[in-house]
Each structure stands twice: as C-alpha cells, then as structure tokens.
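Here is the naming used below: chain letters follow the sequence lines, and residue numbers restart at 1 for every chain. It should be emphasised that the depicted structure is a prediction, and the values quoted were computed from it without experimental measurement.
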Number of protein chains: 2
Amino acid sequence: MMAKKKEIEKDVSTEAKIKAAAKKLFTQNGFEATRTRDIAEESGINLALLNYYFRSKQKLFEIVMRENVVLFMGGIVESINNNMHLSFEEKVEILIDRYIDMLIANPDLPFFILSVSRTEEFKSDDSDDPIMKSIKQMRTSFMMAIMEDIQSGKIKPVHPLHIISNMMSLIVFPFAASALLKSRTGISDKEFENLMIERKKLIPVWIKAMFNN
Amino acid sequence: MMAKKKEIEKDVSTEAKIKAAAKKLFTQNGFEATRTRDIAEESGINLALLNYYFRSKQKLFEIVMRENVVLFMGGIVESINNNMHLSFEEKVEILIDRYIDMLIANPDLPFFILSVSRTEEFKSDDSDDPIMKSIKQMRTSFMMAIMEDIQSGKIKPVHPLHIISNMMSLIVFPFAASALLKSRTGISDKEFENLMIERKKLIPVWIKAMFNN
DNA sequence: GTCTATAGGGTGATAGAC
DNA sequence: GTCTATCACCCTATAGAC
C-alpha cells in the first residue's frame, strides 16, 4: 500500500518520461533522424531502459505515431459530436476554430502526419481500433453532409474531394510550410501565430465564397 | 578527338547517372533514409565512385536540393517572364497551369521542399546564386502586384501572405498530402491525377471568389 | 527497475590495385 | 576512372551485475 502510494507520488513514471521525449523528438525530426540515444538523453534516463519498456525503437515510434494520428484526425471528433444540434455550416466553423488552436499547440504535427502517411505501415487498416473507427465514421458522415448540400443546391456541384482538400489545405498547409513561409517572408513566430488566429475567422468565409451558391 | 567523341557517345556519364539516382532517392525518401549504397545500386555504379565524383553524401544531397529548389520555386519564373504583356490575373492563371503540370511530373517535390525547408541549411541566404536572385525578384514583384490590386480596390484588403499562402495551399498541398488523401478515400492514382488537372481550371476561380471585390 | 559494458550489424568514406 | 577490400565509427539492442 505504501509502496503503491510512493510510486504514484513520483512526478512522472520512467515509462512516461521516455514516451514524452520520444514523442517530442519523433514528431520534430521523424523516425530516421531520431537516435535512441537522443531519446534517452532528452528524457534523462538510461539507454537500456528504452528497450526494457518499449522493446524497440520501432515499437516506440508506432505508439507515438498512433497518438499523433489520433490527435490530428480525432481530437476534433468530440467537438463535433458535442455540437450535434448545430447546422453543418456552424459545425465547420467550430471545427476550424478548434483545429487551428490544436495546430498552434502542435505545430510539428502536420509535417509529421504527411511524413508517416507516405510510409507503408500507415496504409494498414486500423479498423480494429475503436478510435479509428469513430474517426472513419465522422469522415463518412462529413462526406454525406457535403453531398446532401450539393443535392439540395446549397453548394456548387464539385467533387467532394475538392471541398475536403481545400479545407484541409487552407487549415493545415500553412503549418506544414511554416518554415518555408517564415524564411522567405521574414515574418516572426508571433506574427505567424497571429495570422493563423486571423484565419480562424477568414477560412469559413473563404470556404463559403468558393462553394456556396 | 576520337576519344572525346567516344566519351560523348556514351548514353550518360557516370557522374550524371549517380546524380540522377541520388535525385530520385533523396527526393522520394529524404537525406536520412537514403543510403549511399542505395544510390550506388540504383545507378548501377560502384559505391566508391560516389565519393570520387561528389566527395560526400552531404555534398551530393546539397546539389540535389539546389536543383529541386530551383525546380520548385524557379521553373515558373520564365513562364511569367515570357508573358509580360498579360494582366496579373492572366499571369496567375498561366502560373497555376504550369505549376500543376510540373507537380504531376514531380509529385514528390512538395514534400521534399517542405522537408528541407525545416532544416538549418535551408535558411542560408543563397543571394549569390543568380537563379535564386531572380526567384526572389519575382516573389517581390508578385507581392507588389497584389498590394497594388488591394490599393486600387480590385481585391479585398487582407494580409498579402494570406493570398500567397492560399494559392500555394490550393496548388501544392494536395500533392504533399496525396498519400493521405488516396489512402483515406480509396481514390486511384489516375483519378487523383484527373482531379489535379481539374484544379487547373478551378483554382483561379476559387482565388477570385475568395479575394476579388 | 536501473545501470555498465558490449555485442552485432550497418554506414560513410578511403586506400590501393588495376 | 573504376573496382575490391576494409577501416572507423555509429547505431540499436541485449547480457548480466546490482
């Protein structure tokens, strides 16, 4: 009982420290460019403990990847589900607002997702995972809502993928390209963040301008 | 004389073969994930020759990177310069058309550029390179044209970076995210390419809808 | 659970023969 | 210019003491 208590009292478990460090480095620099030694040093633990807790670099990466995919694709699901009573347009506005907040807090996430989406492992189905299932379900209902709006003449008749693509592009691309945009325009980190916050209001307007009839 | 002739008659020089293989692999998989042995095998040459011709993996990568940056940012300069007589709007239409053609021919380029733009080496000025200079110049005159159109009330008053960002987003992002889009929608390579060709006509319309007064 | 030490294999680069 | 053989280093992973 005392032993258990003492364990809980420790700030963070060794396992959690390793995972946090791995998440930081893998997300910033990717699998290949990250050394297990870097992860050990970053988390202040011994190199051997990484393999003790996670068996291999690959296994640890997969855990981080899964968490990041859920963060990128699924953190929004609940914000949508919590607002079932709102119209599709209002839901989109909320989604954009939450998503940009999330990306400001996790600016390396878009590039990481683009990176892993290019690997073979990523194509695996994941249909067993309940979270992945609910993400997939949301994507489907999102697609349906778009097609209904096309049917009813509310929005212009274009391939739904253009609509999804353009929304993702406008929201996500500036973060994936932030290094490029900053270095070529000489803009500061703070100015960049302010522009991204500005986009929370602008993107819904742009989307309507592009697709509304 | 004969010796020279014979040399020229060879299909491709060893040096060119190595560079072509390096370009392919570096562009697909990046610096870290590419082995010098892979480059040697891909080009059908001996590993030692890579260092004989290019001194190091790093030097070879820098050459490939420079060529890719020029392809990504500069291949368009001439198409603009060759159409000085056209209006800004018409120039944008041509730019989008050429750019999407270029990206269909080089689908891995966007991700590669996003990748290297995150490294320290990329931030170097390059102001000595004449091609880089003309790219920078084009970017400036592009920015000027936007600001003039804002001044004259032709387009809405927003930060020019939003306009640049959105154009880049709509053009480039689907290619950077093609693996993600394909795997999550089950779309085929051919269907994807057709959608991208469709966008050559759609993006100018969207841009106008977003920003024209 | 945590450490040190080291195995085992891969990687970039080069020496030296031809 | 091109090849084979090899060095020197770095990486992941594990054995074994505590």
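Backbone-only engagement by A:Tyr53 is indicated by non-hydrogen atom pairs under 4.0 Å involving sugar-phosphate atoms exclusively. Base engagement by B:Leu47 is indicated by at least one non-hydrogen atom pair under 4.0 Å involving a base atom.
Comparing C:dG1, C:dA13, D:dA15 by their nearest atom to the side chain of B:Asn51 picks out C:dA13. Of all nucleotides listed (C:dT4, C:dA13, D:dA13), C:dT4 comes nearest to the side chain of A:Ala48. Closest to the A:Thr14 side chain, of the nucleotides D:dG1, C:dG12, C:dT2, is C:dT2.
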Each base of DNA chain C marked ( ) or [ ] if paired in-strand (Watson-Crick or G-U under 3.5 Å), | if paired to another strand and . if unpaired gives ||||||||||||||||||
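Under a 3.5 Å cut-off, the side chain of B:Asp97 and the backbone N or O of B:Glu93 do not form any donor-acceptor pair.
You'll find the side chain of B:Phe173 stays beyond 4.5 Å of the side chain of B:Pro110, heavy atoms only.
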Dump the intermediate steps for side chain to side chain donor-acceptor pair (under 3.5 Å) on A:Arg199 and B:Asn166, then the final yes or no.
CA-CA 11 Å; A:Arg199 290 173 81 82; B:Asn166 290 10; 2.7 Å; yes
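The two residues A:Ile39 and A:Ala21 have their closest heavy-atom pair at O-CB, 3.7 Å.
A donor-acceptor contact under 3.5 Å links the side chain of B:Arg37 to the base of C:dG12.
Side-chain N/O atoms of B:Ser134 and B:Gln137 include no donor and acceptor closer than 3.5 Å. A donor atom on one side chain and an acceptor atom on the other are found under 3.5 Å apart for B:Thr27 and B:Asn68.
Dashed line: the shortest gap from a side-chain N or O of B:Thr36 to OP1 or OP2 of C:dG12 is under 4.0 Å.
Mapping A:Arg35 and A:Asn46 onto DNA chain D via the closest heavy atom, the residue that lands nearer the 5' end is A:Arg35.
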